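The next block holds one structure in the form of structure tokens; read it before the comments.
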Amino acid sequence: MRRTKTTTIGEILKEFFARPYVAAKVAEGRLPEYWKMAVGDAAARATTDIKFENHILTVRISSGVMRQELFYRRDDIAGRINQMAGIDIVKAIIVK
């Protein structure tokens, strides 16, 4: 089908990245960045491993005190990550 209205590449890319599947994959790729922004620099430095599978974010923390603090704040952190991503990508966080 031929388009009658000319569109810019920016508009086409915006339309492409607005698709739910593409937006979820982009947000999944940016999870380490979102994690750092949601928990702060100190907790991000203590984070040794981040895994994401089936809408569950699993993080491994090297500091016991930091692990306990993040465990209590995990629902708030999930909400912040979802807000930054613009979609509900993280349903639960497991802190190990």
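Computed from a predicted model, the values in this text were never measured in an experiment. Heads up: numbering here begins at 1 and tracks the sequence. Below, each value reflects all heavy atoms present in this structure, side chains not excepted, and no hydrogens, waters or symmetry copies.
- Following chains of ILVMFWY side-chain contacts shorter than 4.5 Å, one cannot reach I81 starting from I56, and the two form parts of different hydrophobic clusters.
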Identify all side-chain donor-acceptor contacts of residues 87-96 below 3.5 Å with residues at least two apart in sequence or on another chain.
none

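- R74 forms a cation-pi arrangement with F71, by the criterion of a distance under 6.0 Å to the ring centre and an angle within 45° of the ring axis.
- Judged as a salt bridge (Lys or Arg N to Asp or Glu O under 4.0 Å), and not counting sequence neighbours, the contacts of K25 are E28.
- In the hydrophobic clustering of ILVMFWY residues, with side-chain heavy atoms under 4.5 Å counting as a link, Y72 and M66 come out apart.
- Note: the hydrophobic cluster containing V59 does not contain V65 (ILVMFWY, side chain heavy atoms under 4.5 Å, direct or indirect links).
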Side-chain donor-acceptor contacts of residues 33-47 below 3.5 Å, not counting sequence neighbours, with atom names and distances?
residue, atom, partner, partner atom, Å
E33, OE2, R30, NH2, 2.8
W35, NE1, T47, OG1, 3.0
T47, OG1, A43, O, 2.8

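- Residue L70 holds its CG atom at 10.0 Å from CD of Q68, rounded to the nearest 0.5 Å.
- For E53, the CD atom counts as loosely surrounded, since its 6.0 Å shell holds 12 or fewer non-hydrogen atoms of other residues, nucleotides or ligands.
- Counting only distance, with no hydrogens or angles, the side chain of R67 and the backbone of I61 share a donor-acceptor pair below 3.5 Å.
- The distance from atom CG of N82 to atom CE of M84, rounded to the nearest 0.5 Å, is 9.0 Å.
- With a 6.0 Å radius and a threshold of 12 heavy atoms from other residues, nucleotides or ligands, L13 has its CG atom above the threshold.
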